[in-house]
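Worksheet: the structure to be examined is printed underneath.
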Protein chains: 4
Amino acid sequence: MEEPGAPETARHERADSAANHERILAAARDVFARRGLDAEIKEIADRAGVGVGTLYRHFDSRDGLLRALILQTHDDLLQRLRAAADTQDAAHALRAVIHAATDVYRQFGALTEVALAGRLDHLRPDGHEELTAAFTGLLRRGVADGTFRADLDIPMMIAALESVFTSGKVVRLVAERGYAGAAAAISDLFLHACLAVPTGPGRGRAT
Amino acid sequence: MEEPGAPETARHERADSAANHERILAAARDVFARRGLDAEIKEIADRAGVGVGTLYRHFDSRDGLLRALILQTHDDLLQRLRAAADTQDAAHALRAVIHAATDVYRQFGALTEVALAGRLDHLRPDGHEELTAAFTGLLRRGVADGTFRADLDIPMMIAALESVFTSGKVVRLVAERGYAGAAAAISDLFLHACLAVPTGPGRGRAT
Amino acid sequence: MEEPGAPETARHERADSAANHERILAAARDVFARRGLDAEIKEIADRAGVGVGTLYRHFDSRDGLLRALILQTHDDLLQRLRAAADTQDAAHALRAVIHAATDVYRQFGALTEVALAGRLDHLRPDGHEELTAAFTGLLRRGVADGTFRADLDIPMMIAALESVFTSGKVVRLVAERGYAGAAAAISDLFLHACLAVPTGPGRGRAT
Amino acid sequence: MEEPGAPETARHERADSAANHERILAAARDVFARRGLDAEIKEIADRAGVGVGTLYRHFDSRDGLLRALILQTHDDLLQRLRAAADTQDAAHALRAVIHAATDVYRQFGALTEVALAGRLDHLRPDGHEELTAAFTGLLRRGVADGTFRADLDIPMMIAALESVFTSGKVVRLVAERGYAGAAAAISDLFLHACLAVPTGPGRGRAT
DNA sequence: AATGAATGAGGCTTCATTCAT
DNA sequence: TATGAATGAAGCCTCATTCAT
């Protein structure tokens, strides 16, 4: 973290401030994740170990802080989803994506919900569209190459998958099964919902 | 409607009071559904056409009102799920359950989310367990009779299904596809995830 | 204050509320007059004998309260100025106007200053213009009928007169000389500044 | 500019510090004049091109800074009034005084108001009295030598004149008529109010 | 019993002042 | 000594709840 040769003290002030910035973000992540979006500013400041004034020096308002977090969550999520989607095999890619999302969730908690839910879009317009687009691309690829069934309802699939992360269920899943277990369970379920059925009659629209 | 012998006014008052009780519940359902759980008491009272004082005569506190609604939602949900689950064929039963849930959602909005999410459990302990139990019964039956695949991860399946209703996605789905369309789409997706694969090799845990 | 025959109780609630409204206005007048426009809302509420919530039920915000007061001050001032200006003799009219303004000042204190100063015009646009217009009319009439000197700088005269009431000096004057004494002193001074000089040479622009 | 023998740096530092002191005062004058007395310390520091910490090294508190400014304004005002009052002819002296005050106002803005208004006297006790005394001397002289009318109400006259500068009206006057025009208009009005009436009957206390 | 005005604790935010660098 | 980040007291306003009518 320290560039060698750089003067220690000259940048210390800045470094402190930057550290506080990060600590506030982390604290906010934490507190929002645990208490929900109604959490009090004071609690965040306390947890960050700073006064409220400091928090307000770094973020102009409650919404400003929230926006910064959503942005961060989005960026992280998007970047990891894209990386995961790069995997050749669409099925593996979907698994990777779900693992990534679970991981992001672990860190951002309730904020992932918000980021995926599309609420608070006024704070971060278009953020959700980008995620949806990335997902859609992956699923389309799978359908195109025969990995996923031709009649897969892609928007529905995305909505359902997002729902799992939006609903707060992941918290419990992770608590009960651990990170890998939760990701595996989600993957298994949704792969079953997507995968093309090799041969057999009798499958299909079962009403 | 007229019980003979009862004093005119007393009956009237009771009828008025009962009517108010219902109107407040309906208004609260409406307002919570539209505005979310942060909705103001005043708005609910206004929409019910009563003063806040009257609202507080019927429900001891904000949480009391919320509890009553969750209870109602739960009961409604549970009753309809049980009815739907009675259907012989497990696949049809699952579809019926999803339709029922969608319908309930339409009426209770954000409250369904809460009821299914298991948040606010302090308001209505055990409520969630009953729902889970009903679901579990249905799915187990399907697995037992071969309709659903043997390795179905039932808790995961329930969590995912609940998530769809918990996440607020249904609102959009219903808005975009109408009530029946939304229910059908959800059903299709989750049936694919549950149904046993008739024959084919190559299916199964697709890693 | 009580219209005979009106039901006592039926309007009592309203009467209480109206009374509070007035008490808050009076308290605000008082407190703003003494403490200036930075006075705390809490102090006003205390002095009115109500909670802050009640104050906010009657006035949507600090500015709303201020606006109501400015309006009231303006209306009072304007009405009395117009009445005073009706006096036939322009000189007497000017005296009457000054007496009226002094009286209004006694009641509205710092608010008169604001009303006359034209600050806070965003709260009450055009308010100041009406006052100026009323003054101007009076002075023009005096010039036209020869009571006031032909070269009277009317805008300057108005500015100076307003200044006396805007500056807070009246408070001291009234304190030192009483209401009538203050009004008389102001009148004397400004009449001297306005009155036409009967004959004599040597008077006029004295550079 | 270089005092021989003084150590280089110490001198520099002192010069820097003195320069900062002046820049802060100038900035404060500016900002208070434009924004009023509620102006923020931060804005003053910014405009002075120093950090708030530096401002606080030079002035112990917000009130300390204000006090210094009032003092400065007072001294400037007093000195110029005295100089102006030296003029032989009392009428010319009054004009000169008004010109001087207008000029000071141009520079000190809202601070002149405060200085003349006698508010904030706790910041600068007795300051106002000196000004009043200077004014009183001038007017008494005029009365004594027959330039001003014998029945001139000197305290009232002073109050009115101060009011013009206290009220903020000068800002507008200067804006509309320029510095000289404003000063002339004020002078004309107040000279009319003070000057002795040469002969004519019918003049005098006009009730 | 119904009404809605009154209450006041508590949240968000600002800004004078302090202090580590 | 200069800097500006940090601090936290204090003000404004909201809204769940109470209470007089």
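In what follows, every chain begins at residue 1, and chains take the letters A, B, ... in the order their sequences are listed. For the numbers below, each heavy atom of this structure counts, side chains included, while hydrogens, waters and symmetry mates do not.
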Just the rounded figure in Å: distance from [atom2] of [N] to [atom1] of [X].
X	N	atom1	atom2	value
E43(D)	dT14(E)	CD	C1'	15 Å
I24(D)	dT3(F)	CD1	P	9 Å
D46(A)	dT7(F)	CG	P	11 Å
I44(D)	dT17(E)	CD1	C1'	14 Å
K42(C)	dA9(E)	NZ	C1'	12 Å
E40(A)	dT14(F)	CD	P	18 Å
D38(A)	dA16(F)	CG	C1'	15 Å

* Residue pairs, two or more places apart or on separate chains, that pass ring-ring contact (aromatic ring centres under 6.0 Å, His included) and touch residues 21-42 of chain C ->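 For residues 21-42 of chain C: H21(C)-H58(C), H21(C)-F59(C).
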* Output every pair passing ring-ring contact (aromatic ring centres under 6.0 Å, His included) with a member in residues 35-56 of chain B, not counting sequence neighbours, ordered by first then second residue. => none
* Asked: So which of residues 50-59 of chain B are in contact with DNA chain E, with a heavy-atom cut-off of under 4.0 Å?
  ->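 The stretch gives V50(B), G51(B), V52(B), G53(B), T54(B), R57(B) as the residues lying under 4.0 Å from the strand, ordered by number.
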* Restricting to pairs with a member in residues 45-54 of chain C, which pass salt bridge (charged side-chain N to carboxylate O under 4.0 Å, His left out), not counting sequence neighbours? -> D30(C)-R47(C), K42(C)-D46(C)
* Secondary-structure stems for DNA chain E, with pairs counted as Watson-Crick or G-U when both distances are under 3.5 Å and runs at least 3 long ->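 Detected stem regions: E:2-21 with F:2-21.
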* **Of N20(B) and S61(A), the one whose closest DNA chain E nucleotide lies more 5'** =>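 Between the two, 5'-proximity favours N20(B).
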* Structure fact -> Sorted by chain and number, sequence neighbours left out, side-chain hydrogen bond (donor to acceptor under 3.5 Å, both in side chains) with R57(A) holds for none
